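Contents: one structure, followed by commentary.
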Number of protein chains: 2
Amino acid sequence: MKVNLPTDETEKAALKQARDEFVSQWGALGSQWGISRTMAQIHALLMISEQPMTTDELMDELQISRGNAHGNVKELVAWGLVRQVVVRGERKEFFEAEKDVWEIARTVARERKRREIEPALGVLRECVEKSSTWKSAEAQAFHQQVRQLEEFVSFASKVADQVSGMKHGFALQLAAKLLG
Amino acid sequence: MKVNLPTDETEKAALKQARDEFVSQWGALGSQWGISRTMAQIHALLMISEQPMTTDELMDELQISRGNAHGNVKELVAWGLVRQVVVRGERKEFFEAEKDVWEIARTVARERKRREIEPALGVLRECVEKSSTWKSAEAQAFHQQVRQLEEFVSFASKVADQVSGMKHGFALQLAAKLLG
DNA sequence: CTGAATTTTCAGAATAAACTGAAAAACATG
DNA sequence: CATGTTTTTCAGTTTATTCTGAAAATTCAG
């Protein structure tokens with residue numbers, strides 16, 4: 001069996017510390033974003049874990065309750081950022097995160113479109129519709145403004161579709177178009 | 001003086017209702033997004049207001065306290081989405097929103113980069129740095145994953161710069177590049 | 001079918017975020 | 001400088017969100 005030289009031990013400890021730091025910081029960023037701290041931490045943990053993990057491991061690692069771990073991991077599954085996998089000979093459910101950053105980006109683009117852009121479009125279209133036949137100067141100003149907003153959000157929606165439709169090496173395509 | 005025909009009155013009432021609906025719905029969207037409901041409502045109100053407004057008008061229109069109106073309008077100014085303007089012969093402060101959607105988009109891109117992308121980059125770079133010389137298989141897997149994340153976020157940062165640097169008609173440029 | 005293992009739910013507790021209202025500070029006017 | 005006006009601050013309250021922990025439901029093996 002391999003001998004653990006002092007440097008091995010040092011590296012192992014430093015790795016653990018770096019992983020914890022990453023999970024913790026990613027969680028803090030999560031709340032800056034619109035998602036809960038715990039959900040971001042679970043995502044971070046699964047992204048840097050080589051093996052799929054169980055709910056109990058998440059509870060243990062992050063010091064959180066079963067209900068919390070359960071709810072958040074299921075929400076990550078609903079987002080499409082985490083999937084449930086079967087480990088042979090095990091009854092428990094195991095979870096693993098999508099690790100490919102381009103896939104993650106596509107998923108986030110798709111979900112944010114659905115959750116943020118589409119509801120806004122609904123509101124704006126209703127306002128544009130209602131105000132389209134009004135005659136007064138004030139009403140026309142209102143119409144103009146909501147129409148411009150609607151046009152922009154509609155454009156953003158198309159961009160999101162375009163991005164989430166791009167295949168694996170999409171960053172190259174996108175980079176070429178935007179930066180080239 | 002102009003006579004108010006029944007249709008004028010009807011339109012006036014419908015306009016008021018549409019404006020209120022827009023403000024209320026935009027507020028709800030705001031919380032779906034990462035910003036407070038009130039801040040989004042103030043922004044909506046100022047975007048569809050033809051004249052600049054005072055804190056007292058905001059308080060009255062949205063039925064909120066002075067402290068709340070004050071704090072949120074100042075935060076919008078800090079974002080760069082609203083500016084303070086001087087109205088001749090008035091002592092009170094007046095506020096108006098940027099109405100040009102492309103300007104709004106640039107501002108949001110710039111601010112979100114600063115608030116969401118840059119802190120993430122900081123965390124990731126630290127992790128990449130620390131783990132770059134480690135030897136074990138686990139450590140290298142960690143390094144690889146955070147490096148990929150760092151590369152992507154760094155790319156996103158460049159995209160945000162590009163977008164926020166585009167001049168007025170940028171949507172056309174962007175549309176041509178992305179959709180063309 | 002039985003019982004142990006596991007997942008799911010959810011009422012109440014804890015925490016975090018937003019808001020109020022009034023007092024203090026800053027400002028303008030004569 | 002005295003006074004009335006407007007802005008700013010902030011301690012305390014309310015509201016919204018997240019989390020806990022235990023009970024109920026489900027699943028599976030024998």
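These numbers were taken from a predicted model, which means no experiment stands behind them. Numbered from 1 within each chain, the chains take letters A, B, ... in sequence-line order.
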For this session: Compare all side-chain heavy atoms of A/I104 with those of A/M47 and state whether any distance is below 4.5 angstrom.
Result: yes

For this session: Report the distance from atom NZ of A/K92 to atom P of C/dT7, rounded to the nearest whole Å.
Result: 7 Å

Seminar exercise, completed: Per-helix bend value, the helix from C/dC1-D/dG30 to C/dG30-D/dC1, C1' rotation axes over five pairs per end, 10° rounding, shows 30°

Exercise. Which pairs count as salt bridge (charged side-chain N to carboxylate O under 4.0 Å, His left out) when at least one residue sits in residues 30-49 of chain A, sequence neighbours excluded?
Worked result: none

For this session: Using the six-membered ring wherever Trp is involved, compare the ring planes of A/W102 and B/F152 and label them parallel, tilted or perpendicular (cut-offs 30° and 60°).
Result: perpendicular

For this session: Check DNA chain D against residues 41-63 of chain B and give the residues with a non-hydrogen atom under 4.0 Å, in numerical order.
Result: none

Residues 15-34 of chain A, side-chain donor-acceptor partners within the protein, below 3.5 Å, at least two apart:
residue : atom : partner : partner atom : Å
A/K16   : NZ   : A/D20   : OD2          : 3.2
A/R19   : NH2  : A/I48   : O            : 2.8
A/S31   : OG   : A/A28   : O            : 3.0
A/W33   : NE1  : B/E116  : OE1          : 3.4

Under 3.5 Å, side-chain donor or acceptor atoms of residues 122-132 of chain B against the rest of the protein: list the pairs with distances, not counting sequence neighbours.
residue : atom : partner : partner atom : Å
B/R125  : NE   : B/E150  : OE2          : 3.0
B/R125  : NH2  : B/E150  : OE2          : 3.4
B/S131  : OG   : B/C127  : O            : 2.8
B/S131  : OG   : B/V128  : O            : 3.3
B/S131  : OG   : B/H143  : ND1          : 2.9
B/S132  : OG   : B/E129  : O            : 2.8

Exercise. Do B/L76 and B/M59 belong together in a cluster built from hydrophobic side chains that touch within less than 4.5 Å?
Worked result: no

For this session: State whether the side chain of A/T107 and the backbone N or O of A/E103 hold a donor-acceptor pair below 3.5 Å, judged by distance alone.
Result: yes

Exercise. Would a distance-only check, ignoring hydrogens and angles, find a side-chain to backbone donor-acceptor pair under 3.5 Å from A/Q84 to A/F94?
Worked result: no

Exercise. If you look only at pairs with a residue in residues 154-165 of chain B, which of them pass as a side-chain hydrogen bond (donor to acceptor under 3.5 Å, both in side chains), with sequence neighbours excluded?
Worked result: B/K113-B/D161

Problem set entry | Side-chain N,O (A/R37) to OP1/OP2 (C/dT15) below 4.0 Å | no

Exercise. Quick one: does B/E57's side chain have a donor or acceptor within less than 3.5 Å of a partner on B/T54's backbone?
Worked result: yes

Exercise. Between B/M39 (CE) and C/dC19 (P), how many Å, whole number?
Worked result: 11 Å

Residues 62-71 of chain B side chain polar contacts: donor-acceptor under 3.5 Å, at least two apart:
residue : atom : partner : partner atom : Å
B/Q63   : NE2  : B/D60   : O            : 3.0
B/S65   : OG   : B/N68   : N            : 3.2
B/R66   : NH2  : B/D56   : OD2          : 3.0

Exercise. Do A/E61 and A/L45 touch side chain to side chain, with heavy atoms closer than 4.5 Å?
Worked result: yes

For this session: Mind running a 4.0 Å heavy-atom check of residues 67-91 of chain A against DNA chain D and sending the residues that fall below it, in number order?
Result: A/G67, A/N68, A/N72, A/R91

Problem set entry | Residues touching DNA chain C, which here means a heavy atom under 4.0 Å, drawn from residues 19-31 of chain A | none

Problem set entry | Results of salt bridge (charged side-chain N to carboxylate O under 4.0 Å, His left out) for A/K99 - residues two or more places apart only | none

Problem set entry | Atom-pair distance (CZ on B/R66; P on C/dA26), nearest Å | 18 Å

Seminar exercise, completed: Outer limits of DNA chain D sitting under 4.0 Å from a non-hydrogen atom of chain B, read 5' to 3', are D/dG4 to D/dT9

Problem set entry | Pairs meeting criterion salt bridge (charged side-chain N to carboxylate O under 4.0 Å, His left out) with involvement of residues 72-86 of chain A, two or more places apart | A/K74-A/E93, A/R83-A/E96, A/R83-A/E98

Problem set entry | Any B/L46 side-chain heavy atom under 4.5 Å of B/I42 side chain | yes

